[in-house]
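The structure under discussion appears below in the form of structure tokens.
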Amino acid sequence: MRLRKARLEKNLFLRELAELTGLTPQNIRNIEKDVYECKTGLKVATAKKLAKPLDKSIWYVGYYDKLTEKTLGQKLKKARLYHGHTLEEAAEYLGVDEKTIRNWEKDIQLLRTDMLKRLKKYLEILLTEY
């Protein structure tokens, strides 16, 4: 219900928010009713569309704070989403390809020590945004 609360704080009707974001009123209604499980959060593109007119952070709008972070891969995915990055954007930012990031996030491929040092700053967002 956090999105509904944020929308009402901005005095926006569903239709108005839909016009501002390019989403349908039904889609926004479903998000507000927490139809989207917090296990995966919203797609980055959807969270970006909603964050600006609601004046909320992407992690808040995307429900990314609810994501599990038991493994390094889960922490990396959560950090990527907190940054508002798609796989492609994160790959460009970190200087690797999308497949590598996907494998890291799924804990299929282990990170090298030198890459862990590069990711340290990227992962720090999880500590500063709460």
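- Residues I31 and Y63 come closest through the heavy atom pair O-OH, 3.8 Å.
- Scored by the side chain to side chain contact (heavy atoms under 4.5 Å, CB included) test, R118 finds M115 as partners (sequence neighbours excluded).
- Between K77 atom NZ and K106 atom NZ the span is 8.5 Å, to the nearest 0.5 Å.
- Legend: residues meeting salt bridge (charged side-chain N to carboxylate O under 4.0 Å, His left out) with D114, ordered by chain and number and at least two apart, are R112.
- Note that the CG atom of L94 and the CG atom of L76 stand 7.0 Å from one another [nearest 0.5 Å].
- With sequence neighbours excluded, the residues satisfying side chain to side chain contact (heavy atoms under 4.5 Å, CB included) with F13 are E16.
- Closest approach of E105 and L87 over heavy atoms only: OE1-CD2, 3.9 Å.
- Among residues two or more places apart in sequence or in another chain, the side-chain hydrogen bond (donor to acceptor under 3.5 Å, both in side chains) test is passed with H85 by Y122.
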Does the pair D97 and T100 meet the rule for a side chain to side chain donor-acceptor pair (under 3.5 Å), with working shown?
CA-CA 5 Å; D97 61 47; T100 299; 2.8 Å; yes
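- L8 and L3 sit in two unconnected hydrophobic clusters of ILVMFWY residues. Membership requires side-chain heavy atoms under 4.5 Å apart, directly or through other members.
- Residues passing the salt bridge (charged side-chain N to carboxylate O under 4.0 Å, His left out) test with R15: none are found, sequence neighbours excluded.
- Shortest non-hydrogen contact noted between V44 and R80 is CG2-NH1, 4.4 Å.
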Name each donor-acceptor pair under 3.5 Å that joins a side chain in residues 46-54 to protein atoms two or more places apart or in another chain, with its distance.
residue: K48; atom: NZ; partner: G84; partner atom: O; Å: 3.0
residue: K48; atom: NZ; partner: E89; partner atom: OE1; Å: 3.2
residue: K48; atom: NZ; partner: E89; partner atom: OE2; Å: 3.2

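- L119 and I108 fall into different hydrophobic clusters, where Ile, Leu, Val, Met, Phe, Trp and Tyr side chains are chained together by heavy-atom contacts under 4.5 Å.
- The side-chain hydrogen bond (donor to acceptor under 3.5 Å, both in side chains) test applied to T71 returns D107, not counting sequence neighbours.
- The shortest heavy-atom contact between L110 and W104 is O-NE1, 4.0 Å.
- For the salt bridge (charged side-chain N to carboxylate O under 4.0 Å, His left out) test, residues two or more places apart in sequence or in another chain that qualify with K56 are E9.
- The side chain to side chain contact (heavy atoms under 4.5 Å, CB included) search around K121 returns E124, not counting sequence neighbours.
- Interatomic distance, CG of L123 versus OH of Y82, reported as 12.5 Å (0.5 Å rounding).
- Between L42 and V61, the shortest heavy-atom distance links the atoms CD1-O, 3.3 Å.
- Scored by the side chain to side chain contact (heavy atoms under 4.5 Å, CB included) test, E88 finds T86, E98 as partners (sequence neighbours excluded).
- To the nearest 0.5 Å, atoms OG1 (T24) and CG (N30) are separated by 7.5 Å.
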Apply side chain to side chain contact (heavy atoms under 4.5 Å, CB included) to L14 and E32, showing your working.
CA-CA 10 Å; L14 277 172; E32 286 183 353; 3.9 Å; yes
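- L116 contributes atom CG, which lies 5.0 Å from atom CG of L111 (distance to the nearest 0.5 angstrom).
- Using a distance-only test at 3.5 Å, with no hydrogens or angles considered, no donor-acceptor pair links the side chain of K78 to the main chain of E69.
- In terms of the side-chain hydrogen bond (donor to acceptor under 3.5 Å, both in side chains) criterion, R4 has no residue partners (sequence neighbours excluded).
- Going from atom CG of L81 over to atom CH2 of W59 covers 13.0 Å, rounded to the nearest 0.5 Å.
- A pairwise comparison of heavy atoms in Q74 and T68 identifies CB-O, 3.4 Å as the closest pair.
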